[in-house]
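This is the structure, below, for whatever I ask next.
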Amino acid sequence: MPDDTNPQTDVPETDIPETETPETTDASTEADDAAQEEVEVAVATPAAFEPSAIDLDLDADPRDDSQHDQAEYAELYALYEDTLSRITEGEIVSAQVIGKTETDIILDVGFKSEGAVPLEEFADPDEVEMGDSVDVLLESLEDEEGVVVLSKKKADFLRVWEKIKDAFDNNRPVQGRIKRKIKGGVTVDLMGVDAFLPGSQIALRRVPNVDDLLGDEYDFKILKLNKRRRNIVVSRRVLLEEERAGKREELKKELSVGDVRPGIVKNITDFGAFIDLGGMDGLLHITDMSWGRIGHPSEVCEIGQSLEIKILDIDWDRERISLGLKQLQEYPWKNVAEKYPVGTRVLGRVVSITNYGAFVELERGIEGLVHISEMSWTRNVRHPSQLVGINDKVECVVLRVDEEAQKISLGMKQVEEDPWLALPAQYPPGTKIRGLVRNLTSFGAFVEVEAGIDGLVHISDMSWTRRVQHPAEVLRKGEEVDVVVLSIDPDQKRISLGLKQVQEDPWYQLAQAYQPGREVAGSITRLLEKGVVVDLGSDLEGFVPISQLGVEAPVAEPADHFDEGHRLELRVLETDPINRRIVLAVVDAPDVPYAAEEVEYENMAASKSGSAADDTDEGEQSDSGGEAGE
């Protein structure tokens with residue numbers, strides 16, 4: 001029978017032979033009991049040691065349990081059990097590196113099976129070598145596959161948690177190293193544990209390139225802790241704000257307008273640079289960097305550069321400090337009128353071009369304006385870029401200097417002699433010239449007198465005998481015509497030309513040919529309110545007042561009774577060579593006087609776009625003439 005009283009567990013049972021006891025009589029009981037006692041004593045008494053086949057190194061099979069008795073097996077099991085570490089789940093244990101794969105590091109924790117930890121849980125997996133000791137958290141003795149579950153990340157977290165919690169509870173900063181950039185911020189290594197640093201908490205202002213901070217060590221303040229989720233949120237900005245607040249209070253006592261102190265360029269924008277004054281930032285605007293023109297602040301300073309700057313203004317309520325750099329330099333406009341007197345020729349560089357002119361730099365900090373009207377005597381310049389470009393060297397003449405307003409007016413055309421001054425002597429009134437029609441406008445035509453100089457033939461000077469409504473009725477653009485110089489105004493840059501003046505005035509001869517009472521025929525060319533204009537032939541026009549149209553009923557509008565092109569039989573009522581007009585009447589019309597205002601109205605209406613426009617349209621001669629020249 002097996003021995004069930006053996007206190008050892010998992011020890012194989014040893015077969016002990018049973019002794020069969022036949023039934024006896026009462027007389028023999030005592031003898032039997034004595035014999036049984038002898039047998040039990042023999043079993044309990046250990047026999048002398050006899051080496052087994054294994055001990056004698058004979059051909060024995062070590063896997064055959066029958067070759068070990070119960071005592072030997074129990075002894076071997078106790079020795080094996082002592083080799084196992086006394087470990088429990090949830091503890092941090094020391095493990096030894098026994099292997100590495102492409103994804104994991106294999107660790108021995110002293111249990112019957114090994115564990116694996118992913119490479120990403122190590123700060124630098126390449127530095128981990130065989131035999132190294134690593135502290136890990138024993139999450140589970142066995143998973144579904146019978147493998148020990150280990151975590152270095154969690155062990156690191158638990159090891160430093162108390163230190164981190166103590167710093168959080170006592171509002172103490174902790175030192176950390178920025179590891180890598182992630183969505184929304186960066187991760188920070190706090191004593192081997194990852195913490196999250198939001199992008200808004202990295203610095204006082206947005207950091208343009210977070211990659212520049214990777215690997216740098218800073219002090220951080222812990223904002224939030226969550227042990228269960230192993231979540232730590234930190235901030236560097238809070239510490240910077242506290243530091244800045246302390247320095248700001250000191251600066252308030254130290255700074256005053258007009259002070260000159262050092263600063264470090266912290267950031268550069270399109271409109272200026274922010275300077276760190278040691279607790280507060282001030283703005284050095286681009287207009288206060290130099291007396292000269294600056295395209296971008298980076299032309300003057302760079303990030304990290306130390307500068308001596310002047311305090312221009314302080315607004316503690318809005319926490320704004322305005323700084324100046326050019327104020328520490330000599331004022332270039334001092335005595336500029338003596339340096340650049342009016343009439344002086346100067347050489348400068350074009351630094352800016354606008355619609356109204358070009359700015360020319362005479363020296364660093366001093367610029368003058370060449371207005372578009374001062375660029376050419378003869379060309380109508382629509383934009384300065386037609387004549388100059390950026391960085392062009394140009395020669396100019398100083399026209400005006402306003403030292404107080406920091407303005408200098410320059411002229412480019414004044415470098416050359418004004419050709420208009422010689423024109424009156426070259427083309428006295430009555431001179432006949434031949435020129436090219438450069439442009440047509442509603443009030444006349446521009447004819448080229450010289451290269452770049454045009455004169456105006458007004459619409460009223462195109463024909464002796466007809467009222468020209470538009471220059472296109474007489475001239476074509478590009479046509480060469482003979483004209484007569486009527487007048488030249490060098491100051492206003494105007495030349496008046498005449499087309500009809502090429503021929504003699506025919507009206508004195510017409511007055512003889514068209515005596516009152518003569519009958520003629522004509523076609524209606526225009527219908528006016530007070531009468532009609534008729535074509536008598538040979539570019540000669542006459543006017544029929546409304547009262548002389550031969551209509552019995554009162555005529556409100558000639559257009560109610562006549563159409564353009566209608567042919568009429570007429571007789572001459574009056575020929576006026578002074579006012580250059582012929583007044584007519586329909587032959588069948590009753591002989592009644594016409595009103596003077598009827599004829600005056602005809603003159604005014606017919607010449608509305610002619611001589612009446614002299615005061616307004618002719619003033620556009622130089623501009624439109626130049627346009628034609630273009």
Side-chain angles (χ1 to χ4, degrees), residues 341-346 357 370-382 386-388 394-400 409-441 443-464 468 471 474-506 610-611 613-630:
V342 175
T344 305
R345 287 197 177 195
V346 293
V370 180
H371 194 268
I372 193 171
S373 62
E374 303 294 346
M375 290 188 168
S376 175
W377 291 113
T378 58
R379 294 185 60 181
N380 179 41
V381 183
R382 290 192 171 188
Q386 295 176 244
L387 298 181
V388 296
V394 294
E395 187 177 10
C396 307
V397 173
V398 178
L399 304 181
R400 288 178 297 278
S409 297
L410 304 174
M412 289 171 52
K413 67 183 183 182
Q414 286 78 4
V415 175
E416 301 175 353
E417 184 181 357
D418 185 358
W420 285 86
L421 299 178
L423 288 179
Q426 188 176 357
Y427 301 103
T431 303
K432 185 178 179 180
I433 60 176
R434 187 170 183 81
L436 189 70
V437 177
R438 301 294 301 275
N439 194 28
L440 299 178
T441 68
F443 54 86
F446 288 93
V447 178
E448 184 180 53
V449 177
E450 288 185 355
I453 299 178
D454 296 340
L456 173 65
V457 179
H458 196 269
I459 196 172
S460 61
D461 290 313
M462 290 188 174
S463 175
W464 290 110
V468 179
V474 180
L475 300 173
R476 294 190 308 275
K477 186 175 180 180
E479 177 185 6
E480 283 193 352
V481 294
D482 292 327
V483 292
V484 173
V485 176
L486 303 181
S487 65
I488 296 179
D489 187 345
D491 296 331
Q492 298 297 323
K493 306 294 186 294
R494 292 179 181 175
I495 300 177
S496 296
L497 304 175
L499 179 63
K500 68 182 183 182
Q501 286 81 359
V502 175
Q503 301 173 350
E504 293 184 2
D505 186 353
S611 58
D614 289 352
D615 295 336
T616 57
D617 294 340
E618 194 166 344
E620 303 178 24
Q621 176 178 348
S622 59
D623 291 341
S624 299
E627 180 180 350
E630 296 301 320

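These figures come from a predicted structure and were not determined experimentally. One is the number of the first residue; the rest follow in order along the sequence.
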Of all the heavy-atom pairs spanning L423 and I488, show the shortest one and how long it is.
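Scanning both residues completely, I find the closest heavy atoms to be O-CD1, 3.6 Å.
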Looking at CG of L410 and CE of M375, how far apart are the two atoms once the value is rounded to the nearest 0.5 Å?
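Going from CG on L410 over to CE on M375, the span is 10.0 Å.
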For a 4.5 angstrom cut-off between non-hydrogen side-chain atoms, does I495 reach W420?
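Yes, at least one pair of side-chain atoms sits under 4.5 Å.
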Between K500 (side chain) and S460 (backbone), is there a donor-acceptor pair under 3.5 Å?
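Checking the backbone N and O of S460 against the side chain of K500, a donor-acceptor pair under 3.5 Å is found.
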At their closest point, which heavy atom of H458 faces which heavy atom of F443, and how far apart are they?
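Minimum heavy-atom contact is CD2-O, 3.5 Å.
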Compare all side-chain heavy atoms of E417 with those of W377 and state whether any distance is below 4.5 angstrom.
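No; the side chains remain at least 4.5 Å from each other.
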Considering all heavy atoms of both residues, which atom of V415 and which atom of R345 are nearest to each other, and what is their separation?
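For V415 versus R345, the nearest heavy atoms are O-NH2, 2.6 Å.
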Can you measure from CD1 (I433) to CG (D482) and round to the nearest 0.5 angstrom?
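Output value for this atom pair is 9.5 Å.
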Taking the side chain as everything from C-beta on, heavy atoms only, tell me whether M462 gets closer than 4.5 Å to V457.
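Touching, per the 4.5 Å side-chain cut-off.
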Side-chain touch L499/D461, heavy atoms, less than 4.5 angstrom:
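No - every pair of side-chain heavy atoms lies 4.5 Å or more apart.
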Kindly give the heavy-atom pair with the smallest separation between Q414 and E374, and that separation in Å.
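That closest heavy-atom pairing would be NE2-OE1, 2.5 Å.
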Decide yes or no for V394 and V370: does some side-chain heavy atom of the first lie under 4.5 Å from some side-chain heavy atom of the second?
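Counting from C-beta outward, V394 and V370 never come under 4.5 Å.
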Under the salt bridge (Lys or Arg N to Asp or Glu O under 4.0 Å) test, which residues partner E480, sequence neighbours left out?
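E480 satisfies salt bridge (Lys or Arg N to Asp or Glu O under 4.0 Å) with R434 only.
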Excluding sequence neighbours, so at least two apart, what forms side chain to side chain donor-acceptor pair (under 3.5 Å) with D489?
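In terms of side chain to side chain donor-acceptor pair (under 3.5 Å), with neighbours along the sequence ignored, D489 is linked to no residue.
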Spacing of CG belonging to N439 relative to CG belonging to L475, to within rounding of 0.5 Å:
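Taking CG in N439 and CG in L475, the distance rounds to 12.0 Å.
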CE/M412 to CD1/I372 distance, rounded to the nearest 0.5 angstrom?
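M412 atom CE to I372 atom CD1 measures 11.0 Å (nearest 0.5 Å).
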Heavy-atom closest pair, residues P490 and P424
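Heavy-atom minimum between the residues: CG-CG, 3.5 Å.
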The criterion is side chain to side chain contact (heavy atoms under 4.5 Å, CB included); which residues satisfy it with S373, sequence neighbours excluded?
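If we apply the side chain to side chain contact (heavy atoms under 4.5 Å, CB included) test to S373, skipping adjacent residues, the hits are H371.
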Of all the heavy-atom pairs spanning Q386 and R382, show the shortest one and how long it is.
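It is OE1-N, 2.8 Å.
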